[in-house]
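Beneath this line is the structure, given in structure tokens, with notes to follow.
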Amino acid sequence: MKNVLLNNGRRIAYYTGDQMQDLPLVLLHGFCEDASTWKNMLPGLAALPVLRVDLPGFGGSDLPFAAGMDGYADAVCAVLNDLSIEHCVLVGHSMGGYAALEFAEKYPERLSGFGLFHSHPWADTPERRENRLRGIEMLQAGKRDLYVAQLFPGLFAADFAKKHPEIVDELIKDGRQQSAEGIISALEGMIGRKDHGETLRAAACPVLFLLGEEDPIIPAGEGLKAAVLPGMADVHVLPGIGHMGMFEAPEKSVEIVRQFWEFCARR
Ligand code: MLT
């Protein structure tokens, strides 16, 4: 079910199952995507209270006031408040993981667990920043469709992208529905995001790491370096998988996320 709340006059879209109870599994999408990115995992998660949010600037959510992971974390908090939900298990894919870390720093008392799904806590390298700045120039020059077309093929393990061009094409088509302003804001937000190593060290709840052995964006080694920081971590490296476990290995991803949620719910 789609819901829209107004936060300071801006719309935030979120999606719930029929029954929303305390401790929802909150899923945050990655860059240039929206809450529909989780669609292949939803049937397997049907028994859980799943709550998906369109981060500001994507899907049905308006642009944030200012770029940054901070605004994304506040949007998630506004949704939880709207639903009178005290605690959740928050899992973010890639950029959604950066937002989840920001949330964990700002609102630790709202978390019973959080997960980095192909994500890590490290700030951008200088090369990554340069790359993002080139992206912003392209988008400002009106080349949104071209930008999106070159983005998605590089997110999958090479074999998977070759065997499933229809999945890559669908993501490109959906990505072209996102506004250039929302994409630019996300790029600026990722450039400016801070290192969250300390947030992981301070985590009082379990932290999930789901990594892809062949992830070209978040190398598994970078994720593993972060996985030793929290007091309690659940760590998985999926063999042969790139950056898009929800498409490349939906069943395995469901099993890992479901078991993590169940563990957090039992504590
Ligand atoms: C994502 O999938 O959200 C992005 O690739 C993350 C990034 O560029 O760091």
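Residue numbers run from 1 in the order of the sequence given. Reckoned from all heavy atoms, side chains included, excluding hydrogens, waters and symmetry mates. Note that ligands are numbered from 1 as they come in the structure, with each ligand's atoms numbered from 1 the same way.
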(request) Would you kindly check if the NZ (Lys) or CZ (Arg) of Arg110 is within the cone defined by 45 degrees around the ring axis of Phe103 and under 6.0 Å from the six-membered ring centre? (result) no

(message) Can you work out which protein residues put a heavy atom within less than 4.0 Å of ligand 1?
(response) Gly30, Phe31, Ser94, Met95, Tyr98, Arg128, Arg132, Met190, Ile217, His243

(message) Could you check, using the six-membered ring where one of them is a Trp, whether Phe117 and Trp38 have ring centers closer than 6.0 angstrom?
(response) yes

(message) Please confirm whether the ring centroid of His236 lies under 6.0 Å from the ring centroid of Phe209.
(response) no

(request) Salt-bridge test for Glu222 and Lys225: reply yes if a basic N is under 4.0 Å from a carboxylate O, no otherwise. (result) yes

(message) Between Glu198 and Arg201, does any NZ, NE, NH1 or NH2 come within less than 4.0 Å of an OD or OE carboxylate oxygen?
(response) yes

(request) Flag the pair Phe114 / Val89 as yes when at least one side-chain heavy-atom distance between them is below 4.5 Å, and no otherwise. (result) no

